[in-house]
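Every chain is numbered from 1 and lettered A, B, ... according to where its sequence line falls, protein lines coming before strand lines.
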Number of protein chains: 2
Amino acid sequence: MLSFTEENYLKCIFKLTEKTNHRVSTNAIAKVTGSSAASVTDMLKKLAEKELVDYARYKGVHLSPTGRHIATQLVRKHRLWEVFLVDKLGFSWDEVHDIAEELEHIKSDLLIERMDQFLGLPKFDPHGDPIPTASGKFTIRQQVPMNKASQGQRLVVLGVQEHSKAFLRYLDNLSIHIGTQLVIQEKNSFDQSMKVLIDDKHSQLLGEHICKKLLVNEI
Amino acid sequence: MLSFTEENYLKCIFKLTEKTNHRVSTNAIAKVTGSSAASVTDMLKKLAEKELVDYARYKGVHLSPTGRHIATQLVRKHRLWEVFLVDKLGFSWDEVHDIAEELEHIKSDLLIERMDQFLGLPKFDPHGDPIPTASGKFTIRQQVPMNKASQGQRLVVLGVQEHSKAFLRYLDNLSIHIGTQLVIQEKNSFDQSMKVLIDDKHSQLLGEHICKKLLVNEI
DNA sequence: TTTTATTTTTAGACTAATCAAAATTTATTT
DNA sequence: AAATAAATTTTGATTAGTCTAAAAATAAAA
Ligand SMILES: [Mn+2]
Ligand SMILES: [Mn+2]
Ligand SMILES: [Mn+2]
Ligand SMILES: [Mn+2]
């Protein structure tokens, strides 16, 4: 049985290696966990001992198949709990992450499978992130940052690349959420801002930051 | 912020002092937590330092008002989660305790108030135990162990005084649960067994143990 | 290819929670 | 009231997780 802390390290390594699949450095882990490099080294040795990571001194780590499986299930639990909090308890998408950080460590396979059923087998969480299946498969979708779209295109919002409360609340205020339709009315090359029509109701100028962090697909 | 362990000690002291309201001894706590008396002493000193218990060397402890409030809220969370697991996720009453033991430590007042609403402000948990309100009030009901009832009485099952899986499963097999109606057909004084009619459907002989642990009220 | 800078590990120490064994206090018998 | 028994605390250790500071390895620059 893994501790809370061990689980968090595995999830952290998973997130850091998700895209590249390269080994991740001690310092990179220390940075995101907010702990010292010395603590990270200690933990990596422990995880290596348990064969959850492949660790080589001074060379960084990557997850073993077992380690990856555990990390994936943590992500599954985290995202299913987020769906529950939003869909069933009426939380908004900027309020759920911290609570899900705690709930993801509850140890019961049956619980999470029942929850999955109860929620209607959702494929994506409230932030548009895919929920891995019990066997660890992620649904892949066509989606691009909105700044890659062209003038005149009609888009649907599929996700966000930033999860900060401030960012999510800002989108809320603009009535932009997962599923919102956007039409690109103008692209301003000088500052990368875009004027978009939101859900065919109102026009809004969006800054470069938002345009890069909104994930969309053409419809 | 209290640790899991500190919370568990408070809940344990609460349960041990609930009825009598007397000070509880180090050994009594050690017995139910399964830890050594030495560990209990250490923890009591820590809780006293935080003013959550009133502790006197060699004299035992009782909860301070703050300590009692925290313990009550833990009980509230535990029981609300049990209702959720049974009512919403379809768990049976013998499966929920261990999961609720973990869930009760999730730290979010908003979560538990939303959950309470979502569940329809339940007053009792799946075992018939009262769910304290956010302000710490327990609903009190008239209820007695079934062995105190008389021949011919019609009763409704309100609770159980034992929560073991084996006991709860045994009741399940007899179709006895919270709300079940029972009519006392015979009381056998020689062995304290009773013959009861269950939900006006079938007759069953119940042994002394069950008769003492079933909490009922006349209707 | 040395030298310097950066990264990573090791060494030593701290807190929380735990235990067994020894010491102390309280309770119970003689 | 003294002796004995039982309960409780203290002492000294252990494990998990953490840290800072020193040492070692690797990477970058001269
Ligand atoms: Mn999240
Ligand atoms: Mn999410
Ligand atoms: Mn319970
Ligand atoms: Mn219960």
Exercise for the section: Establish, yes or no, whether the cationic atom of B:Lys88 lies under 6.0 Å from the six-membered ring centre of B:Phe118 and within 45° of the ring axis. Expected result: yes
Practice task
Report yes if a side-chain nitrogen or oxygen of B:Thr41 is closer than 4.0 Å to either non-bridging phosphate oxygen (OP1 or OP2) of D:dT8; otherwise report no.
Solution key: no
Exercise for the section: Please state whether the rings of B:His105 and B:Phe4 are parallel, tilted or perpendicular, taking 30° and 60° as the class boundaries. Expected result: parallel
Practice task
With heavy atoms under 4.0 Å as the rule, sort B:Thr5 into base, sugar-phosphate or nothing.
Solution key: sugar-phosphate
Completion exercise
Of D:dT8, C:dC19, C:dT8, the nucleotide closest to the side chain of B:Ser39 is C:dC19
Exercise for the section: Report yes if at least one side-chain N or O of A:Tyr9 is closer than 4.0 Å to OP1 or OP2 of D:dA16; otherwise report no. Expected result: no
Problem - Distance below 4.0 Å between B:Lys45 side-chain N/O and D:dT10 OP1 or OP2 - result: yes
Handout entry: Interatomic distance where CG belongs to B:Leu2 and C1' belongs to C:dT15 [whole Å]
Key = 16 Å
Handout entry: Gap between atoms CE and C1', on B:Met1 and C:dT15 respectively (whole Å)
Key = 18 Å
Problem - Whole angstrom value for the distance that separates P of D:dA7 from CD1 of B:Ile29 - result: 15 Å
Handout entry: Comparing A:Glu6 and A:Ala37 on DNA chain D - which has the more 5′ nearest nucleotide
Key = A:Glu6
Exercise for the section: Starting at atom CG of A:Asp42, determine the distance to atom C1' of D:dC19, rounded to an integer number of angstrom. Expected result: 10 Å
Problem - Residue-phosphate contact under 4.0 Å: B:Asn27 side-chain N/O, D:dT8 OP1/OP2 - result: yes
Fill in the blank from the handout: Only residue of B:His163, B:His78, B:His127 satisfying ring-ring contact (aromatic ring centres under 6.0 Å, His included) with B:His97 is B:His78
Practice task
Please step through salt bridge (Lys or Arg N to Asp or Glu O under 4.0 Å) for the pair A:Arg76 and A:Glu113, ending with a clear verdict.
Solution key: CA-CA 10 Å; A:Arg76 171 170 167 77; A:Glu113 296 325 312; 2.6 Å; yes
Exercise for the section: Starting from P on C:dA16, measure out to CE on B:Met43 and report it in whole angstrom. Expected result: 10 Å
Practice task
Look at the side chain of A:Tyr58 against the base of C:dT7 and say whether a donor-acceptor pair falls under 3.5 Å; ignore hydrogens and angles.
Solution key: no
Practice task
Please report, rounded to the nearest Å, how far the C1' atom of C:dA16 is from the CG atom of B:Asn8.
Solution key: 15 Å
Handout entry: side-chain N/O A:Ser36 vs D:dT20 OP1/OP2, d < 4.0 Å
Key = no
Problem - Check: B:Leu47 and B:Glu6 side chains under 4.5 Å, non-hydrogen atoms - result: yes
Problem - Phosphate-side-chain proximity, A:Thr26 and C:dT9, N/O vs OP1/OP2 below 4.0 Å - result: yes
Exercise for the section: Rounded off to whole Å, could you give me the NZ-to-P distance for the B:Lys59 and C:dT24 pair? Expected result: 18 Å
Practice task
Considering just the side-chain nitrogens and oxygens of A:Arg57, establish if one lies under 4.0 Å of OP1 or OP2 belonging to C:dT10.
Solution key: yes
Handout entry: A:Arg23 CZ - D:dT26 C1' separation (whole Å)
Key = 15 Å
Practice task
Please work out if B:Phe4 contacts a base, only the sugar-phosphate, or nothing of the nucleic acid, heavy-atom cut-off 4.0 Å.
Solution key: nothing
Problem - Polar contact flag, side-chain donor to acceptor under 3.5 angstrom, B:Asp94-B:Ser92 - result: yes
Completion exercise
Residue pair A:Ser3/A:Ala38 against DNA chain D: nearer the 5' end by closest nucleotide is A:Ser3
Handout entry: Complementary nucleotide of C:dT30, counting Watson-Crick and G-U pairs under 3.5 Å
Key = D:dA1
